[in-house]
**Student:** 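Sharing a structure with you now.
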Amino acid sequence: MGEVHRFDKAAEHFTSDHYATVRGRVRQDVTRYNLQEHLLDIEHLEVLDFGGGDGRDAIWLASLGHNVTVIDESDKMVDIARQTLSQGEPSMRKRIKIEQGDEHSLAGLHNTFDLILSHGVLMYELEHPVSQLRNLCDVLRPGGLLSLLSKGLDAARQQAKPEDIPELNRISLNHEGIARRAYSFEQLEFMTKRIGLKTIGKYGVRVLHDNDYRLWADIPTSELRFIISNEIQAGREPSLRDMAQMLQIIVSKPGAGRLAS
């Protein structure tokens with residue numbers, strides 16, 4: 001039997017329960033809306049979904065006509081993603097590759113991808129976050145985009161118990177007891193600028209509905225549209241976006257490319 005990865009135990013709960021709730025669906029739909037604004041309706045992009053979990057974003061991107069490689073550290077997550085993909089349309093399945101691995105698996109893929117998603121990944125790299133970002137930058141083509149989603153520092157401070165979480169190290173535990181680091185927009189921009197990337201978009205994700213655990217399927221369609229619309233608007237308001245549970249920044253690599261602005 002192989003080594004149990006830290007995310008294996010949480011895999012089924014996160015994929016089946018989290019996205020069935022309003023808070024989970026808000027994360028999914030708002031990040032996709034923000035990202036799609038930068039894709040310019042271009043098809044056949046080469047995409048890396050780094051830490052792609054159950055593959056739901058890969059399936060979404062493949063449905064838009066892109067070729068997607070999913071890399072995830074967790075064997076369990078990879079198994080779930082492959083099972084989900086096996087039930088999809090054959091034409092879509094051909095556009096998705098799913099592999100178990102980490103940033104070291106990217107060696108030899110220099111300038112391969114037009115777009116990289118790293119959603120909910122950087123915050124779990126406690127020791128070498130800039131090194132992880134540098135590895136991702138290396139496989140990003142000139143003019144390509146990197147979408148980062150991480151835990152927001154202001155939200156983490158509001159939720160922290162001072163006796164449990166030292167203020168300076170910004171470390172907390174998620175619902176499964178896994179340590180994560182929260183960031184501010186300024187910190188995310190500092191790290192990405194350090195490796196030569198330029199911020200082209202900053203968005204708060206889950207500003208208003210972080211504690212909304214209602215099942216998505218139980219809510220009228222009109223209310224769902226209202227929730228997503230309000231979350232998109234709140235996540236773009238400078239006075240509100242810093243307080244979001246999750247912060248999303250989209251950065252570009254210098255050079256001419258299909259997504260260069």
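None of these values were measured; they are calculated from a predicted model. No hydrogens, no waters, no symmetry mates; every other heavy atom, side chains included, goes into these values. Quick note: residue numbers are just sequence positions, from 1.
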**Student:** Just by distance, no angles: are the side chains of E46 and T112 close enough, under 3.5 Å, to form a donor-acceptor pair?
**Tutor:** no

**Student:** With no hydrogens and no angle check, just 3.5 Å: does a side-chain donor-acceptor pair link S147 and H119?
**Tutor:** yes

**Student:** Let's go through I195 and V130 carefully: what are the C-alpha distance in whole Å and the side-chain angles of both, what is the deciding distance for side chain to side chain contact (heavy atoms under 4.5 Å, CB included) to 0.1 Å, and is it a yes or a no?
**Tutor:** CA-CA 8 Å; I195 58 174; V130 176; 4.1 Å; yes

**Student:** Quick one about E43 and H66 (side-chain donor to acceptor, distance below 3.5 Å, no hydrogens or angles considered), yes or no?
**Tutor:** no

**Student:** Does R241 qualify as a cation-pi partner of F185, given the criterion of NZ or CZ under 6.0 Å from the six-membered ring centre and within 45 degrees of its axis?
**Tutor:** yes

**Student:** Closer than 3.5 angstrom, by distance alone: can the side chain of K253 be matched with the main-chain N or O of C137 as a donor-acceptor pair?
**Tutor:** yes

**Student:** Closer than 3.5 angstrom, by distance alone: can the side chain of S118 be matched with the main-chain N or O of V121 as a donor-acceptor pair?
**Tutor:** no

**Student:** Does a side-chain heavy-atom distance below 4.5 Å link K198 with K193?
**Tutor:** no

**Student:** Of all residues at least two apart in sequence or in a different chain, which pass the side-chain hydrogen bond (donor to acceptor under 3.5 Å, both in side chains) check with D212?
**Tutor:** R214

**Student:** Can you measure from CD1 (I98) to CG (D79) and round to the nearest 0.5 angstrom?
**Tutor:** 10.0 Å

**Student:** Considering only heavy atoms from C-beta outward, does the side chain of P129 approach that of Q132 to under 4.5 Å?
**Tutor:** no

**Student:** Check whether any side-chain N or O of E125 sits under 3.5 Å from a backbone N or O of E127 as a donor-acceptor pair, and report yes or no.
**Tutor:** yes

**Student:** Could you measure the distance from the CG atom of L148 to the CE atom of M246? Nearest 0.5 Å is fine.
**Tutor:** 11.0 Å

**Student:** Set out, in order, the CA-CA distance, both residues' side-chain angles and the distance that settles side chain to side chain contact (heavy atoms under 4.5 Å, CB included) for L259 and I42, then state yes or no.
**Tutor:** CA-CA 8 Å; L259 290 172; I42 297 173; 3.9 Å; yes

**Student:** Answer yes or no: is there a side-chain heavy-atom contact under 4.5 Å between R56 and Q28?
**Tutor:** yes

**Student:** To the nearest 0.5 Å, what is the distance between CD (Q248) and CG (L117)?
**Tutor:** 8.0 Å

**Student:** What I want to find out is whether E189 reaches K202 closely enough, with some N-O distance under 4.0 Å, to be called a salt bridge.
**Tutor:** yes

**Student:** Report the distance from atom NZ of K94 to atom CE of M92, rounding to the nearest 0.5 Å.
**Tutor:** 12.5 Å

**Student:** Would E237 and S239 count as having a side-chain donor-acceptor pair, cut-off 3.5 Å?
**Tutor:** yes

**Student:** Can you tell me if R23 uses its side chain to pair, donor with acceptor, with the backbone of H209 under 3.5 Å?
**Tutor:** no

**Student:** Under 3.5 Å, side chain of S74 to main-chain N/O of K76, donor-acceptor pair present?
**Tutor:** yes

**Student:** Hydrophobic clustering (ILVMFWY, side-chain heavy atoms < 4.5 Å, transitive) - are M123 and V207 grouped together?
**Tutor:** no

**Student:** Quick one: side-chain hydrogen bond (donor to acceptor under 3.5 Å, both in side chains) partners of T21, sequence neighbours excluded?
**Tutor:** none

**Student:** Among the clusters formed by ILVMFWY side chains lying less than 4.5 Å apart, do L208 and L240 turn up in the same one?
**Tutor:** yes

**Student:** Looking at every non-hydrogen atom in both residues, tell me the closest pair between S252 and I200 and how far apart they are.
**Tutor:** OG-CG2, 3.8 Å

**Student:** Keeping S229 on the side-chain end and R225 on the backbone end, is there a donor-acceptor pair under 3.5 Å?
**Tutor:** no

**Student:** Return yes if some donor-acceptor pair links the side-chain N/O of E37 with the main-chain N/O of N34 below 3.5 Å, else return no.
**Tutor:** no

**Student:** In the structure I gave you, are the side-chain heavy atoms of L136 and F50 within less than 4.5 Å of one another anywhere?
**Tutor:** yes

**Student:** As an exercise, state the distance from CG of D102 to CG of D72, rounded to the nearest 0.5 Å.
**Tutor:** 10.0 Å

**Student:** If you look at every heavy atom in T192 and T199, which pair is closest and at what distance?
**Tutor:** OG1-OG1, 4.4 Å

**Student:** Could you tell me if the side chain of D138 sits less than 4.5 Å from the side chain of L140, heavy atoms only?
**Tutor:** no

**Student:** Quick one: is the NZ or CZ of R141 closer than 6.0 Å to the six-membered ring centre of F113, and within 45° of its axis?
**Tutor:** no

**Student:** Would you say the side-chain atoms of R27 pair up with the backbone N or O of R206, donor to acceptor, closer than 3.5 Å?
**Tutor:** no

**Student:** Which heavy-atom pair separates Y19 from G24 by the least distance, and what is that distance?
**Tutor:** CD2-O, 3.4 Å

**Student:** Is there side-chain contact between D49 and L61, with at least one heavy-atom pair below 4.5 Å?
**Tutor:** no

